[in-house]
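Here the structure is laid out as structure tokens; the discussion comes afterwards.
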Amino acid sequence: MSELPKAYEPQAVEKQWYSAWQENGCFHADTSSEKEGYSIVIPPPNVTGILHLGHVLNNTIQDILARRARQQGKEVLWLPGTDHAGIATQTKVERQLREEEGKTRRDVGRDAFLDRVWDWKEKHGGIIIQQLKRLGCSCDWDRERFTMDEDYSGWVAKVFTDLFNEGLIYRGKRMVNWCPVSLTALSDEEVIMKPQNSKLYFMKYELVDAPGEFLEISTTRPETLMGDSAVAVNPKDERFASYIGRKVRRPFPEAEIEIIADDHVDVEFGTGALKITPAHDKADFEIGQRHGLEIIDVIHADGTINCPDCPDLDGLDRFQARRKAAAKLEEMGLLIRIEEYENNVGYSERADVPIEPRISMQWFLKYPCVKEAVDAVADGEITFRPARWAKTYAHWLENIQDWCISRQLWWGHQIPVWYRKEKVDALQGAESLDVSNLEAGDIYVSAEPPSDPENWVRDEDVMDTWFSSWLWPFATMNETERGKFYPTTDLVTGPDILFFWVARMIMAGYRFEDELPFKNVFFTSLIRDSQGRKMSKSLGNSPDPIDLMDEYGADGLRFGLLRTAPVGTDVRFDEQLVAEGRNFANKLYNACRFRQMSGDAAEVSGQLPVISRLRPYHIDIATKLDHLAENLEKSYSDYRFNDVGQQLYDFLWSEFCDKFLEAVKGDLRDTASAEARETTLAVFDAVMSRYLQLLHPYMPHITEELSARMGYVQDGAFLMEKTYPSDALISGEDAAASQAEAIYATAGRMRNLKAEYNVAARKDVKFIIIKAEPWLTAETDVLGLLAGGEIEILTAYEAPKGTPAAVTDVGEVYLPLEGLIDVEAEKSRLDKEIAKVASEVTKCDAKLGNAAFVDRAPAELVDREKARRDEWSQKLGQLQEMRASLG
RNA sequence: GCGCGAUUAGCUCAGGGGUAGAGCGCAUGCUUCACACGCAUGAUGUCGCAGGUUCAAAUCCUGCAUCGCGCACCA
């Protein structure tokens with residue numbers, strides 16, 4: 001046992017223990033272990049990512065689960081890794097290339113560009129991993145994976161091939177969500193609807209067969225007018241019945257387009273007439289399909305206008321073109337008016353620009369094992385917490401759309417499809433190659449490249465990053481590892497990726513491993529700032545967790561965040577929480593420092609001394625420690641991490657320090673007997689050594705540090721590897737424990753008295769207790785809790801008139817104060833107290849006088865009410881007696 | 001539009017048919033020999049609104065309001 005430094009300095013301590021754990025293989029999972037397996041796969045952060053508070057919350061929870069599982073004697077695998085994050089990573093490297101060399105990726109070419117991304121990944125990619133280590137995450141770093149590792153890539157290609165052969169993956173020309181900045185298709189999940197303050201343009205098209213007569217149309221997108229191939233009205237709309245089948249004149253480029261009838265058109269909206277642009281709107285596309293309309297593409301991939309017939313618009317950005325088109329209409333006298341209008345516009349999640357619906361050739365997946373995935377959660381084979389997410393999950397799966405899995409990027413898993421060279425050459429590129437029309441010999445789909453590569457051209461696209469992520473729970477493991485650790489036990493993730501990731505993993509698990517990928521899913525809260533706003537870079541309201549750890553320690557950050565993180569609702573983050581975590585660590589540290597300053601125990605056995613040597617305080621704290629362990633068990637089983645944190649906090653601060661330590665302080669003074677000292681130290685050690693274990697998952701570093709310094713863990717051993725004892729520390733001593741409670745309550749009343757008479761700071765006051773409980777023998781018992789003074793226990797006492805007094809759980813307490821006694825003040829104080837107690841008695845009486853209550857409420861409840869009434873009225877009697885003695 | 005949350009002390013949040021809780025903040029007093037990242041004491045609430053069920057509702061039910069989220073969308 002070495003001496004503790006004066007103040008707790010987490011930074012050095014945390015670093016040192018983390019290294020020690022790593023060097024000693026504490027995080028390593030042994031596949032040949034006899035122990036029961038427990039596993040978590042980390043939600044792989046983007047390889048380009050840096051740690052934010054969401055990661056802190058999420059990974060701390062995983063670490064807590066992992067460390068607790070180890071304490072329960074399980075063999076734990078927490079499998080870490082990172083995600084290649086296609087668009088995000090490629091964008092970063094492209095930006096660097098542009099800024100430093102003024103080049104685009106096409107300037108350097110595909111292979112050279114990919115080399116640069118790999119270089120970039122090697123150089124900057126590990127930041128978040130280092131940050132997770134700083135946080136104390138007990139991941140098995142020997143097994144760190146990356147979604148573009150060779151083995152992992154093999155899985156991705158194999159899965160693609162299997163699903164292709166099964167007919168679930170197909171290529172086709174479809175309306176997709178196109179990001180004009182990233183220049184790639186996106187899945188529906190990557191589109192975020194945002195309300196916009198837009199304008200609704202009312203314009204008119206002239207009827208071809210009736211010059212001077214117009215059809216009024218409303219639109220938010222006049223810039224797509226050149227792509228209109230019809231105007232639609234609702235067939236039930238009487239206003240337009242006579243228009244159907246006639247033609248109107250599209251103003252530019254001038255053309256005659258038909259007025260068609262389609263149910264899709266909302267009679268109520270705008271003018272009731274809808275311009276149809278099949279190339280640039282999903283609904284219009286469908287209408288176009290129904291009516292066999294021409295598809296006129298007037299927008300380039302980058303969002304600029306593609307319309308050589310309108311030179312003044314051609315090449316303009318789509319938003320510039322919108323204003324220009326409106327101006328043109330106005331010039332032509334065809335613009336009626338413009339209204340302010342709020343609508344929802346889909347934005348690219350990554351580039352944060354409006355999506356352009358665009359027809360292009362893409363690969364799609366019809367999801368496998370949808371039914372199994374729905375059933376797994378519905379039947380409770382997979383448990384969601386909070387459970388309500390199950391509904392959202394089921395709803396999504398029941399309305400599931402095919403997944404656009406191809407991306408027009410370079411960084412990612414390239415589609416393992418090759419086309420016969422002649423076919424591609426004939427079409428001048430594979431882009432428009434219709435796979436469904438290819439002969440079997442003209443397409444090659446395999447995880448292995450063709451043996452005669454010179455005859456083939458590979459599909460240029462890569463797959464959506466999530467098409468690799470969805471394999472994460474099993475593609476990260478080899479066969480032996482899967483044997484021991486698959487399916488995994490818990491998955492901890494944010495509800496924002498329920499569709500992106502969780503649902504897809506479940507389907508992939510069933511399809512490729514014939515089994516669910518995890519048994520429990522815990523959805524973490526979303527962290528907001530103290531004003532309830534989302535954390536975002538642009539708002540600058542997202543504190544850097546590393547700064548917080550520098551200031552408060554990783555343990556402080558973990559504990560502060562977890563203690564108040566509610567389950568199922570958003571968390572409002574305030575740095576004050578982290579400060580509280582740091583303060584808590586300091587409190588714990590000082591409690592241990594205090595004990596250490598009081599000398600060594602003969603031997604740290606972790607066991608309590610024999611019962612006969614224990615005083616109520618000892619028994620009480622040991623009992624409470626056992627209760628704490630039980631209650632934590634309950635809270636953990638419900639994944640109520642905030643509850644666990646709060647209980648750990650209350651035990652140490654309120655029960656252990658405020659009550660127990662204050663009560664037994666006297667035992668540790670030089671004046672105390674050797675036996676008293678030894679007993680108290682032994683109790684301290686027995687309780688604290690277990691408490692440190694209970695706290696360990698939340699504050700791994702400080703608990704490991706203190707356990708070592710206090711001698712609770714032998715040299716060379718680690719707290720994190722110790723199994724929590726299965727036996728209780730103490731049992732069947734509830735009576736003694738409640739005596740301690742009574743004394744604490746009494747001491748509280750006595751402090752009240754001192755405070756009320758402004759003698760709180762004085763140490764020379766003397767209390768007198770009469771009618772004491774028979775077990776209250778040692779009058780010094782209460783003293784430590786009073787910070788000085790003297791106590792005398794008498795069987796009878798004639799208090800001077802006006803002596804401050806109170807009725808407590810152990811008897812009547814008097815505070816004789818020479819020269820301070822004011823009879824009138826005491827009378828009024830007692831009157832106030834009497835009124836309070838009397839009102840309690842009245843309340844009880846009223847309740848007991850209510851026949852309905854007595855007859856119908858459970859007997860147990862009525863008895864409790866009676867006991868309460870008796871207690872209060874006894875108190876009332878005593879108080880009235882005291883009051884009477886004052887005259 | 002459909003669905004899901006939230007609404008409790010000044011703030012952040014627990015709780016949950018039977019005496020309203022914590023931390024912070026606030027007020028007052030403490031350089032008490034572990035800790036001022038501390039100790040003690042104290043003040044503070046029509047538990048969003050309106051109905052209903054019940055002996056009893058902050059808690060359960062039904063509406064409503066406000067805030068937030070998800071899904072679907074009318075150009």
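From a predicted model like this one, the values you see are computed outputs, not experimental measurements. The analysis underlying the following values was restricted to heavy atoms, covering all of them including side chains, and did not include hydrogens, waters or symmetry mates.
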What interatomic distance, in whole Å, is found between [atom1] of [M] and the corresponding atom of [N]?
N: B/A57; M: B/U8; atom1: C1'; answer: 14 Å
N: B/U41; M: B/C4; atom1: C1'; answer: 45 Å
N: B/C26; M: B/G21; atom1: P; answer: 23 Å
N: B/U62; M: B/A6; atom1: P; answer: 14 Å
N: B/C69; M: B/C74; atom1: C1'; answer: 23 Å
N: B/A72; M: B/G3; atom1: C1'; answer: 11 Å
N: B/U12; M: B/U7; atom1: C1'; answer: 14 Å
N: B/G10; M: B/A43; atom1: P; answer: 15 Å

Parallel, tilted or perpendicular: ring planes of A/F559 versus A/F584, cut at 30 and 60 degrees: parallel
A/F684 and A/F656 aromatic ring geometry - parallel, tilted or perpendicular at 30°/60° bounds: perpendicular
Give the rounded distance in Å between these two atoms: [atom1] of [X] and [atom2] of [N].
X: A/K665; N: B/A34; atom1: NZ; atom2: C1'; value: 7 Å
X: A/M750; N: B/U41; atom1: CE; atom2: C1'; value: 15 Å
X: A/Q576; N: B/C13; atom1: CD; atom2: P; value: 14 Å
X: A/Q647; N: B/A14; atom1: CD; atom2: C1'; value: 11 Å
X: A/F594; N: B/C37; atom1: CZ; atom2: P; value: 20 Å
X: A/E189; N: B/C71; atom1: CD; atom2: P; value: 9 Å
X: A/L397; N: B/G3; atom1: CG; atom2: P; value: 20 Å
X: A/Y744; N: B/A40; atom1: OH; atom2: P; value: 13 Å

5′-ward residue of the pair A/E580/A/N583 relative to RNA chain B: A/E580
Toward the 5' end of RNA chain B, by each residue's nearest nucleotide, A/A591 or A/F853: A/F853
Of the nucleotides [options], which one has an atom closest to the side chain of [X]?
X: A/R864; options: B/A22, B/A34, B/G18; value: B/G18
X: A/W653; options: B/A14, B/G38, B/G23; value: B/G38
X: A/D658; options: B/A34, B/A40, B/G18; value: B/A40
X: A/L861; options: B/G18, B/A34, B/A14; value: B/G18
X: A/K847; options: B/C37, B/G18, B/A40; value: B/G18
X: A/T392; options: B/G23, B/A34, B/G70; value: B/G70

In Watson-Crick or G-U wobble terms, both distances under 3.5 Å, what is the partner of [N]?
N: B/A58; value: none
N: B/G17; value: none
N: B/U66; value: B/A6
N: B/C47; value: none
N: B/C71; value: B/G1
N: B/U28; value: B/A40
N: B/C11; value: B/G23

[N], OP1 or OP2 - any side-chain N/O from [X] closer than 4.0 Å?
X: A/R388; N: B/G5; answer: no
X: A/R595; N: B/A34; answer: no
X: A/R572; N: B/C11; answer: no
X: A/W389; N: B/C69; answer: no

Could you list all N or O pairs between the protein and nucleotides 72-75 of chain B that sit under 3.5 Å apart?
{"residue": "B/C73", "atom": "N3", "partner": "A/N344", "partner atom": "ND2", "Å": "3.2"}
{"residue": "B/C73", "atom": "N4", "partner": "A/N344", "partner atom": "ND2", "Å": "2.0"}
{"residue": "B/C74", "atom": "O2", "partner": "A/D266", "partner atom": "OD2", "Å": "2.8"}
{"residue": "B/C74", "atom": "N3", "partner": "A/D266", "partner atom": "OD2", "Å": "2.9"}
{"residue": "B/A75", "atom": "OP2", "partner": "A/Y341", "partner atom": "OH", "Å": "2.4"}
{"residue": "B/A75", "atom": "O3'", "partner": "A/T220", "partner atom": "N", "Å": "3.3"}
{"residue": "B/A75", "atom": "O3'", "partner": "A/T220", "partner atom": "OG1", "Å": "2.2"}
{"residue": "B/A75", "atom": "O2'", "partner": "A/T219", "partner atom": "OG1", "Å": "3.4"}
{"residue": "B/A75", "atom": "N6", "partner": "A/D266", "partner atom": "O", "Å": "2.9"}
{"residue": "B/A75", "atom": "N6", "partner": "A/F269", "partner atom": "O", "Å": "2.8"}
{"residue": "B/A75", "atom": "N1", "partner": "A/D266", "partner atom": "N", "Å": "3.2"}

A/Y649-A/Y698 aromatic ring centre distance below 6.0 Å: no
Near-ring test A/F499/A/W396, centroid separation under 6.0 angstrom: yes
Euclidean distance, A/E865 CD relative to A/D870 CG, rounded to 0.5 Å: 10.5 Å
Check every strand shown and say whether [X] touches a base, only sugar-phosphate, or nothing at a heavy-atom separation below 4.0 Å.
X: A/C844; answer: nothing
X: A/K843; answer: nothing
X: A/P858; answer: base
X: A/Q646; answer: sugar-phosphate
X: A/R751; answer: sugar-phosphate
X: A/N752; answer: sugar-phosphate
X: A/R749; answer: nothing

Side-chain-base donor-acceptor pair under 3.5 Å for A/K587 and B/C35: yes
hbond_proxy A/E662 side chain to B/A34 base (donor-acceptor, 3.5 Å cutoff): yes
Partner of A/E223 by side-chain hydrogen bond (donor to acceptor under 3.5 Å, both in side chains), out of A/R318, A/H280, A/R322: A/R322
A/E342, CD: over 12 other non-hydrogen atoms inside 6.0 angstrom: yes
A/Q646 CD: over 12 foreign heavy atoms closer than 6.0 Å: yes
A/V683 and A/Y617, any side-chain heavy atoms less than 4.5 Å apart: no
Beyond-backbone contact of A/L588 with A/M688, side-chain heavy atoms, under 4.5 angstrom: yes
Flag for A/E705-A/Y589: side-chain donor and acceptor within less than 3.5 Å: no
Donor-acceptor pair, side chain of A/R677 and main chain of A/L668, under 3.5 angstrom: yes
